[in-house]
Amino acid sequence: MAQRKSPIEMSGEEFRRLGHALVDDLAGFLDTLPERPVTPGEPPSVVRATLPGNRLPEEGADPAQLLDQATQLLTRHSLFNGHPRFAGYVTSPASPIGSLAELLASTINANLGAWILSPMATEIELQTIRWIAQLIGYPADTGGVLVSGGNMANFVGFLVARHTKADWAIRENGLCATQARNLRVYASREVHTWLHKAADLFGLGTDNIRWVDVNGDQTVDLKDLKKALEHDRRAGDLPFLIVGSAGTVSTGAVDPIAELRDLSDEFGAWLHIDGAYGALAAASPDRPEPLTRLELADSVALDPHKWLYAPLEAGCALVRDAEAMRATFSYRPPYYKMDEVAGEPTVDFIDYSPQNSRGFRALKVWLALRQVGRKGYAQMISDDMRLARLLFDLARSHDELEAHTLNLSITTFRYVPVDLQIAIEANEAYLNRLNESLLTELQESGKAFLSNAVIEGRYLLRACIVNFRTGTEDVRAIVEVVVTLGRKLHTSCQSE
Ligand SMILES: *Cc1c(COP(=O)(O)O)cnc(C)c1O
């Protein structure tokens with residue numbers, strides 16, 4: 001095998017030809033995106049049947065044809081969160097520079113577990129973390145790491161809190177140590193479901209979550225929180241973690257961070273802020289006041305794949321005390337040769353998260369930050385919030401729509417037929433069914449894509465605008481589609 005010929009290898013010439021063809025196809029796709037349906041709305045069985053074959057291929061095939069076929073499959077049978085009328089969940093379009101960054105990153109294929117395996121890439125990630133911290137008003141010397149998304153970023157905060165606040169050797173003795181106390185975590189009922197997974201996966205059990213009531217504006221009820229903390233402290237439990245929201249997933253409510261800090265100090269708990277959706281809105285001059293206080297949190301989770309428009313996946317955990325991160329995650333078996341290169345100390349990311357080998361997520365984030373700058377992001381985030389306000393105002397002034405909430409860039413509203421408006425309370429159950437059907441039809445129509453929220457028993461349509469392609473015309477079109485569908489469904493329900 002003097003000259004090895006591997007079937008997976010490609011000559012530079014072939015890579016160039018295939019790459020150019022792929023980039024041409026993708027540029028064409030991006031140009032025509034607004035004219036396409038948001039989604040084909042096909043049932044899973046149809047999508048599955050479109051796959052080019054069920055059997056594992058025994059022999060290989062021509063890569064040019066394969067790339068072409070994969071492009072066709074994905075551009076015809078996908079939901080496009082990059083579409084200007086996509087406003088569902090908290091899912092955003094990918095920045096075009098981010099797509100190109102992915103190609104560059106994967107071709108270099110740096111392994112960011114260790115500095116020695118990724119010299120420039122690790123330095124870029126460290127700089128990216130400092131810049132993200134600056135964007136949200138967090139200290140630039142913070143510890144941090146890029147992870148797969150908000151869930152993982154929240155897990156990192158949770159785990160550092162668990163390790164830092166347990167007053168016994170939890171790494172060695174675990175949760176059932178003889179000296180162990182019950183670790184309790186506090187969060188409002190509006191906190192995202194990552195907390196269920198964390199409490200379960202990291203051994204606390206979901207019963208050790210104290211779900212605290214919310215106020216009318218969906219922020220945490222501080223009195224109820226304090227009551228729960230006092231109750232558990234009296235019982236000899238260890239309140240180790242308070243979780244606040246910088247933008248709840250349902251309605252974008254921002255908890256009062258300064259007040260949560262005071263309670264955390266009073267009870268010796270860690271303060272973690274889930275800002276997966278909203279923390280980056282701190283970069284906008286139009287942010288709500290509590291977002292100016294993020295620096296008070298011991299840790300913050302946020303999602304570059306939401307408001308920084310990084311292609312999936314990119315989450316980010318920031319922990320003020322980098323040493324606490326290291327103390328939580330670092331192990332050094334004899335087969336790792338790290339810590340310094342050429343006599344200088346290094347940062348090795350295996351010490352700062354549960355991951356071992358790590359990809360170069362930072363590049364797409366770093367390049368977009370440099371492409372548009374802080375000002376560019378502040379502008380785009382402010383625009384998204386303005387569009388959500390426009391939708392709220394349009395819903396409020398429309399005879400057949402009822403506007404409910406507006407926070408950050410999330411607007412909730414519902415369709416209420418004119419003839420039911422004199423007896424809304426008597427028709428709540430019907431209105432819930434009507435709006436649920438409306439949402440299903442809307443999603444399958446491909447004309448626009450919203451998701452839902454349930455607030456005080458009411459089923460609401462929810463638009464979350466984290467989309468640099470959405471404009472005022474799209475917002476007006478969403479209103480029109482919703483009203484048209486609502487009328488149609490209400491009429492057909494009555495004739496049944
Ligand atoms: C999106 C979101 C999450 C989960 O983040 P992923 O990136 O989907 O893992 C957690 N919390 C909030 C508030 C979110 O908006």
Side-chain angles (χ1 to χ4, degrees), residues 79 81 86-94 98 132 136 144-159 185 187-202 209 211-212 214 218-220 241-255 257 260 271-282 287-288 290-291 294 297 299-318 353-355 359 361-362 364-365 381 384-385 388 405 407-412 450-455 462-467:
L79 172 138
N81 49 37
F86 180 88
Y89 303 102
V90 192
T91 295
S92 58
I132 290 174
I136 68 160
V145 68
L146 294 192
V147 292
S148 58
N151 264 34
M152 288 304 296
N154 282 307
F155 288 179
V156 167
F158 185 100
L159 286 166
V185 48
S188 91
R189 295 183 194 287
E190 290 296 308
V191 165
H192 185 279
T193 184
W194 68 266
L195 187 54
H196 289 110
K197 287 195 181 177
D200 167 8
L201 294 171
F202 304 130
I209 307 171
W211 294 106
V212 175
V214 289
Q218 310 296 306
T219 60
V220 62
L241 171 62
I242 295 176
V243 178
S245 290
T248 58
V249 68
S250 255
T251 66
V254 180
D255 286 332
I257 294 173
L260 290 179
L271 176 60
H272 172 78
I273 298 293
D274 176 5
Y277 158 52
L280 286 157
R287 67 206 163 187
L291 279 188
L294 283 167
S299 53
V300 177
L302 56 90
D303 253 346
H305 68 210
K306 290 175 179 170
W307 247 331
L308 294 185
Y309 298 121
L312 293 162
E313 305 160 341
C316 176
L318 299 175
S353 90
Q355 258 189 287
R361 294 192 178 95
K364 58 197 174 192
V365 183
I381 292 169
D384 283 351
M385 294 199 284
T405 66
N407 289 298
L408 300 178
S409 68
I410 297 177
T411 293
T412 61
L450 306 180
S451 51
N452 76 286
V454 178
I455 303 175
R462 169 183 172 285
C464 175
I465 301 176
V466 181
N467 189 334

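Only this structure's heavy atoms are used, side chains among them; waters, hydrogens and symmetry mates stay out. Quick caveat, the model's predicted, so the values are computed rather than measured. We number each residue from 1, following the sequence as shown. First listed ligand is number 1; within each ligand, the first listed atom is number 1.
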Self-check item: Pair T251, T405: side-chain N/O donor-acceptor within cut-off below 3.5 Å
Solution: no

Quiz prompt | Proximity to ligand 1 by part of D274, non-hydrogen separation under 4.0 Å | solution = side chain

Self-check item: Side-chain donor-acceptor contact under 3.5 Å, H192 with D274
Solution: no

Quiz item: Hey, is E313 one of the residues with a heavy atom under 4.0 angstrom from ligand 1?
Solution: no

Quiz item: Is a side-chain donor or acceptor of D255 paired with a backbone partner of G244 at a separation under 3.5 angstrom?
Solution: no

Quiz item: Which ligand 1 atoms are under 4.0 Å away from a heavy-atom of A276?
Solution: 2 (C), 3 (C), 10 (C), 11 (N), 12 (C), 14 (C)

Exercise. Could you list the atoms of ligand 1 found under 4.0 angstrom from a heavy atom of G247?
Key: 13 (C)

Practice problem: Could you establish whether G315 and ligand 1 come within less than 4.0 Å of each other, counting only heavy atoms on the residue side? | Solution: no

Practice problem: Could you see which bit of K306 sits under 4.0 Å from ligand 1, with heavy atoms only: side chain, backbone, both or neither? | Solution: side chain

Practice problem: Could you go through the side-chain contact (heavy atoms from CB on, under 4.5 Å) check for L308 and I132 one step at a time? | Solution: CA-CA 10 Å; L308 294 185; I132 290 174; 4.2 Å; yes

Self-check item: Within-cut-off N or O pair, G150 and ligand 1, under 3.5 Å
Solution: yes

Quiz item: Which residue owns the protein heavy atom closest to atom 9 (O) of ligand 1, what's the atom, and how far is it?
Solution: N151 N, 2.9 Å

Quiz item: When you check the side-chain N and O atoms of T412 and R462, is any donor under 3.5 Å from an acceptor?
Solution: no

Practice problem: Could you check K197 against F202 for side-chain contact (heavy atoms from CB on, under 4.5 Å), going step by step and ending with a plain yes or no? | Solution: CA-CA 8 Å; K197 287 195 181 177; F202 304 130; over 6 Å; no

